[in-house]
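First comes the structure, then the notes that go with it.
Because only heavy atoms are used, hydrogens play no part in the values below, and waters and symmetry mates are left out as well, while side chains stay in. By convention here, the first residue in the shown sequence is residue 1.
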Amino acid sequence: METHEVTPADAKDLKLSAERGVVVAGVTEDSPAAKAGLKEKDVITEVNGQRVEGAAQFRRIIHEIPAGRSVQLTVWRDGRSQTFSATLGKAEERHNTWTGAAPGAFAFHMPNFEMPDMPSVDVGDMAMLPGGRPRLGIDAEDIGGQLGSFFGAPDGEGILVRSVNSGSPAEKAGLKAVLT
């Protein structure tokens, strides 16, 4: 399921009383959201009775609920509030649902790129460009534990990109830092 923040235009078009909740921008076929009956342009205003203020909070709430658990979603649709029940999928399934997510969502695709030949200086196990900047042009850390689960990598496979250096090969390839 793809979601985005409620904008002033959304609030007006969808007849919302306030700019809060998250707008469903798309529902993946056969996903828990689709099975629950959620549709594009629904606005999720509560999860298990907890008021949803925005997209980051919504993602945090959902990711803190264990897989296989049922959740109650309060949804604004067609000018009225409705309640839906959904059973959350496994963390891997949740991650796969988010990989095509809207801007502002936490998932991303790593683009394919070839590393150009560049002069480097060996410093232990890490190749550095002259001036001490990492060769790829990213600031990253290993991902694991709760952070890995949050980002859909519960087995700790992968890295968390904190920043991408301007003009670096990583930036030229389209790599973006994670926004939380």
Side-chain angles (χ1 to χ4, degrees), residues 1-67 69-89 91-111 138-140 143 146-153 160-167 170-180:
M1 175 174 66
E2 298 176 32
T3 61
H4 65 79
E5 300 287 339
V6 174
T7 65
D10 290 329
K12 182 179 177 185
D13 292 344
L14 300 171
K15 300 178 179 100
L16 294 167
S17 60
E19 288 178 41
R20 64 176 192 83
V22 291
V23 178
V24 176
V27 178
T28 305
E29 190 176 324
D30 293 326
S31 68
K35 291 174 185 172
L38 293 178
K39 297 180 181 180
E40 190 173 323
K41 295 192 180 181
D42 282 347
V43 180
I44 301 171
T45 58
E46 292 181 5
V47 176
N48 289 341
Q50 184 177 351
R51 188 168 142 162
V52 175
E53 296 296 332
Q57 178 206 19
F58 172 72
R59 287 189 303 269
R60 187 174 56 254
I61 292 169
I62 293 299
H63 284 281
E64 288 176 354
I65 299 171
R69 292 255 177 100
S70 182
V71 295
Q72 295 294 95
L73 303 172
T74 303
V75 174
W76 184 260
R77 180 190 289 172
D78 299 328
R80 64 186 180 93
S81 193
Q82 300 178 37
T83 303
F84 293 86
S85 181
T87 301
L88 298 181
E92 181 180 313
E93 292 167 353
R94 290 189 221 177
H95 171 71
N96 291 340
T97 332
W98 285 98
T99 54
F106 61 84
F108 60 93
H109 292 283
M110 177 66 180
I138 61 172
D139 175 25
I143 193 167
Q146 287 181 333
L147 195 58
S149 293
F150 180 82
F151 285 101
L160 177 68
V161 177
R162 293 254 179 226
S163 65
V164 178
N165 297 333
S166 181
E171 181 186 55
K172 290 174 184 171
L175 191 65
K176 302 283 184 197
V178 172
L179 302 175
T180 57

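- At least one donor-acceptor pair under 3.5 Å links the side chain of E5 to the backbone N or O of A55.
- A pairwise comparison of heavy atoms in H4 and A25 identifies CD2-CB, 3.7 Å as the closest pair.
- Counting heavy atoms from C-beta on, the side chains of V71 and I65 come closer than 4.5 Å.
- Taking every heavy atom of both residues into account, G89 and A67 meet most closely at O-CB, 3.2 Å.
- Residues forming a side-chain contact (heavy atoms from CB on, under 4.5 Å) with S81 (at least two apart in sequence, or on another chain): T74, W76.
- R51 meets the side-chain hydrogen bond (donor to acceptor under 3.5 Å, both in side chains) test with E53; sequence neighbours excluded.
- Of all the heavy atoms in V164 and L175, the pair that sits closest is CG2-O, 3.6 Å.
- A 4.5 Å side-chain heavy-atom check between Q57 and I61 finds at least one atom pair inside the cut-off.
- For residues 75-88, every residue pair satisfying the salt bridge (charged side-chain N to carboxylate O under 4.0 Å, His left out) rule, not counting sequence neighbours, is listed here: D42-R77.
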Using the side-chain contact (heavy atoms from CB on, under 4.5 Å) rule, take L73 and T83 through it: C-alpha gap first, then chi angles, then the decisive distance, then the call. CA-CA 6 Å; L73 303 172; T83 303; over 6 Å; no
Tell me which donor-acceptor pairs under 3.5 Å the side chains of residues 15-24 have, and how far apart each pair is, sequence neighbours excluded?
from, atom 1, to, atom 2, distance (Å)
R20, NH1, T45, O, 3.3

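- Listed by first and then second residue, the salt bridge (charged side-chain N to carboxylate O under 4.0 Å, His left out) pairs involving residues 25-38 amount to none (not counting sequence neighbours).
- Every side-chain hydrogen bond (donor to acceptor under 3.5 Å, both in side chains) that Q72 has, sequence neighbours left out, goes to S85.
- Interatomic distance, S166 OG to K172 NZ, rounded to the nearest 0.5 Å: 9.5 Å.
- Taking every heavy atom of both residues into account, L38 and V27 meet most closely at O-CG2, 3.7 Å.
- A donor-acceptor pair under 3.5 Å is absent between the side-chain atoms of T28 and the main chain of S31, judged by distance alone.
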Would you check, one step at a time, whether the test side-chain contact (heavy atoms from CB on, under 4.5 Å) holds for L88 with I62? CA-CA 8 Å; L88 298 181; I62 293 299; 4.3 Å; yes
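- Contact detail for N165 and E171: the closest heavy-atom pair is O-CB, 3.6 Å.
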